[in-house]
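This structure is in structure tokens; I'll ask about it shortly.
Everything numeric here is computed off the predicted structure, so don't read it as measured data.
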Amino acid sequence: MTADFKMNENNELYSAMLPALKQAQFGSFLILPFQFEENGFNSIWADTNLVPKNITTVDLNEIARSMMSKDGHMSIGSCWMVPRDVLFREMADVPLSGKQVSFRADTDSCSRSFSLTDSWLYMFHSQVAFFALGIVFDEIETLADIVNLGGVSSRAAFSYEDENGRHAFSLAAWIEQFASKAGLQPFFSSRENPFMDVFTETLAVIPERFTDMAVMRQAAFNLHLMIPFTKPVTDNSEEDVRFIYAKADEISQTYRWATCITSQTESYIVADPEMDLGKQLEVRGRAGLPVVMLALYEKYTCLHYTDVIAGTDLRHLKRIQRLKREMLEFQAYGTIAPANFSRWYNIRLIYSALLELNGVPEAIADVDHKINILSEYQRELESRRADLLTNLITAFGIVSILASVLTIIQILLGGDYALWNALILTVVVMCLVFFLALFHRRN
């Protein structure tokens, strides 16, 4: 479907908000999916070099928080915060000094700067993991060049500058090198551009609260499209978009934040009079990322099981039984309904939108259906094996009876009259018992 962009030129309220929107500061978490072999995650390296974290935000209910707690009885994984200096030390081939390094995203038309900031690593027991690289930048077009939403490759080439000059580097290769130290491999190993599968959580901080919901909606949508606020547009081709807002302040009747959610982005704009981007990024990492991560965990766990099912030999009954048990445990302990996710309605809406737009309920049902088909096939194989064993036992029984009959005949042929009389008497007694039992049953 072709995008239909229309300018909203006559929006006086939006025009009045433009001075505040032009002061926006931007940050983003680029969330990339990874996977690891069974028992292949290097938790020792993670605990030694990163900062272990439990989910403590009150935006989530106790059940949801315990899912990411190492000590929780429903624990499905763990998370670590990656400080900026640790990121510089562990990600590049040569450890970098953050104070002396500036990064640039270069395209054919321009070169824009960005910086790395504190990041996050999430590991789940279903052998999927996510690395959320934190970046900050002055122009929203910088993010558009890096991610190139909807494209098959990034529009930007990357370079950094230090006291030794300017150096080209691959941001994707740096991320994969960092992830490999934790024992992680890219989830889609065949993809040349890992940013094709990136989930982008973008933050814009402005100094004034919104007075109109339509203005807030427009700003959040521009942020999702990675287009400057000075060019308010609509795109009628985008149908997988959900808008969620903060509750209006009862006194000032203004709104503090809004978010635009799609299957690959969450674009969050918030008013902060102090314009503290670092503080707001810390809040998003602590309170916003867990919502996204739990939804992505369910999506990629289903993809993982789909891949495992495709590579499972149907004759390996134990593997099928194990898959069924793991899927039952995932459905019982690894998923949580939006109604039980948070005490706040708008947080439940964000989580529900992420599940819906990523097709998580359908994916869970699809994997469950496939495993049930495998289970039916397994029962059929077991039935065939049982029938084969029964037939073998029957065959051996018939052979044994024939052998016994031949043995009896040989004995009788060589026996005397007393042996014959005993045999005849035994047959007569058995026949009498049979007929008596039959007569008793009829009566």
Side-chain angles (χ1 to χ4, degrees), residues 8 10-29 55-65 140 201-225 228-230 232-234 240-262 265-295 336-357:
N8 295 328
N10 300 320
N11 193 329
E12 295 181 0
L13 291 174
Y14 190 87
S15 298
M17 195 72 188
L18 269 179
L21 293 173
K22 289 179 179 179
Q23 300 178 52
Q25 297 179 7
F26 301 100
S28 183
F29 291 108
I55 305 301
T56 58
T57 174
V58 295
D59 286 351
L60 275 61
N61 282 339
E62 182 63 31
I63 295 175
R65 292 200 301 267
I140 191 61
E201 181 168 3
T202 308
L203 169 69
V205 180
I206 61 173
E208 296 180 15
R209 296 170 69 99
F210 291 95
T211 58
D212 182 77
M213 186 175 291
V215 173
M216 185 166 56
R217 179 189 181 102
Q218 180 65 69
F221 189 67
N222 265 51
L223 188 61
H224 150 64
L225 292 177
F229 294 125
T230 54
V233 297
T234 59
D240 63 331
V241 177
R242 302 290 183 273
F243 293 95
I244 296 145
Y245 318 99
K247 180 180 179 293
D249 181 77
E250 295 179 357
I251 298 176
S252 64
Q253 289 298 303
T254 58
Y255 304 89
R256 190 174 69 89
W257 62 264
T259 184
C260 174
I261 297 175
T262 70
T265 64
E266 181 185 5
S267 306
Y268 184 90
I269 185 167
V270 61
D272 179 9
E274 298 178 358
M275 291 294 289
D276 191 340
L277 178 62
K279 176 183 177 181
Q280 293 299 331
L281 274 174
E282 189 274 332
V283 171
R284 293 309 299 160
R286 175 174 48 81
L289 266 182
V291 181
V292 177
M293 290 296 188
L294 287 173
I336 182 170
N340 299 325
F341 191 75
S342 174
R343 60 178 55 84
W344 310 119
Y345 180 66
N346 45 25
I347 301 299
R348 294 202 301 267
L349 286 179
I350 291 174
Y351 177 67
S352 178
L354 288 167
L355 294 181
E356 175 197 352
L357 295 175

Does Arg284 qualify as a cation-pi partner of Tyr268, given the criterion of NZ or CZ under 6.0 Å from the six-membered ring centre and within 45 degrees of its axis? yes
CG of Asp59 to CD1 of Ile350: how many Å apart, nearest 0.5 Å? 8.5 Å
At their closest point, which heavy atom of Pro228 faces which heavy atom of Ile140, and how far apart are they? N-CG2, 3.6 Å
When you measure from the side chain of Glu266 to the backbone of Thr262, do you find a donor-acceptor pair of N or O atoms at a distance under 3.5 Å? no
Tyr255 versus Ala246, closest heavy-atom pair with distance: CD2-O, 3.4 Å
Could you walk me through whether Glu356 and Arg242 pass the side chain to side chain contact (heavy atoms under 4.5 Å, CB included) test, one step at a time? CA-CA 10 Å; Glu356 175 197 352; Arg242 302 290 183 273; 2.6 Å; yes
So do the side chains of Gln280 and Val270 get within less than 4.5 Å of each other, counting heavy atoms only? yes
Is there a side chain to side chain contact (heavy atoms under 4.5 Å, CB included) between Met17 and Phe210? Walk through the geometry before answering. CA-CA 8 Å; Met17 195 72 188; Phe210 291 95; 3.8 Å; yes
Pairwise distance CE(Met293) to CD1(Ile55) - rounded to 0.5 angstrom: 9.5 Å
Minimum side-chain heavy-atom gap Lys279-Val205 below 4.5 Å: no
Under the 3.5 angstrom rule, does the side chain of Asn61 hit a backbone N or O of Ala64 as a donor-acceptor pair? no
Shortest non-hydrogen pair, Pro290 vs Gly285, comes out as CD-O, 3.8 Å
Report the distance from atom OH of Tyr14 to atom CE of Met216, rounding to the nearest 0.5 Å. 13.0 Å
Would you say that Ser342 contacts Leu60 through its side chain, given a criterion of any heavy-atom pair below 4.5 Å between the two side chains? no
Out of curiosity, Lys22 NZ to Ile206 CD1, how far, rounded to the nearest 0.5 Å? 14.0 Å
If we ignore hydrogens and angles and just use 3.5 Å, is the side chain of Arg343 paired with the main-chain N or O of Val58 as donor and acceptor? yes
Here the pair of heavy atoms bringing Thr259 nearest to Ile261 is OG1-CG1, 4.0 Å
Heavy atoms, side chains only, cut-off 4.5 Å: are Leu203 and Leu277 in contact? yes
Less than 4.5 Å apart, any side-chain heavy atom of Leu223 and any of Cys260? no
Check the pair Val233, Leu225 against side chain to side chain contact (heavy atoms under 4.5 Å, CB included), reporting the backbone distance first and the verdict last. CA-CA 9 Å; Val233 297; Leu225 292 177; 3.6 Å; yes
Does any non-hydrogen side-chain atom of Ile336 lie less than 4.5 Å from one of Ile63? yes
Is Thr202 reaching over with its side chain to a backbone N or O of Ser28, donor-acceptor style, under 3.5 angstrom? no
Taking atom types as modelled and ignoring hydrogens, do the side chains of Asp249 and Gln253 form a donor-acceptor contact shorter than 3.5 angstrom? no
For Thr265 and Ser267, indicate whether the former's side chain and the latter's backbone hold a donor-acceptor pair under 3.5 Å. no
Does a side-chain heavy-atom distance below 4.5 Å link Trp257 with Ile244? yes
Mind listing the closest non-hydrogen atom pair of Ala219 and Phe229 along with its distance? O-CE2, 3.2 Å
Parallel, tilted or perpendicular, as decided by the 30° and 60° cut-offs, for the rings of Phe341 and Tyr351: parallel
Please check if the number of heavy atoms outside Glu274 that lie under 6.0 Å from its CD is greater than 12. no
Taking all non-hydrogen atoms of both residues, which atom of Val292 and which atom of Glu201 are closest, and how far apart? CG2-OE1, 3.7 Å
Nearest 0.5 angstrom please: Ile269 CD1 to Phe221 CZ, how far? 14.0 Å
Is the Phe243 ring parallel, tilted or perpendicular to the Tyr245 ring (thresholds 30°, 60°)? parallel
Separation between CZ (Arg286) and CG (Leu281), nearest 0.5 Å, reads 12.0 Å
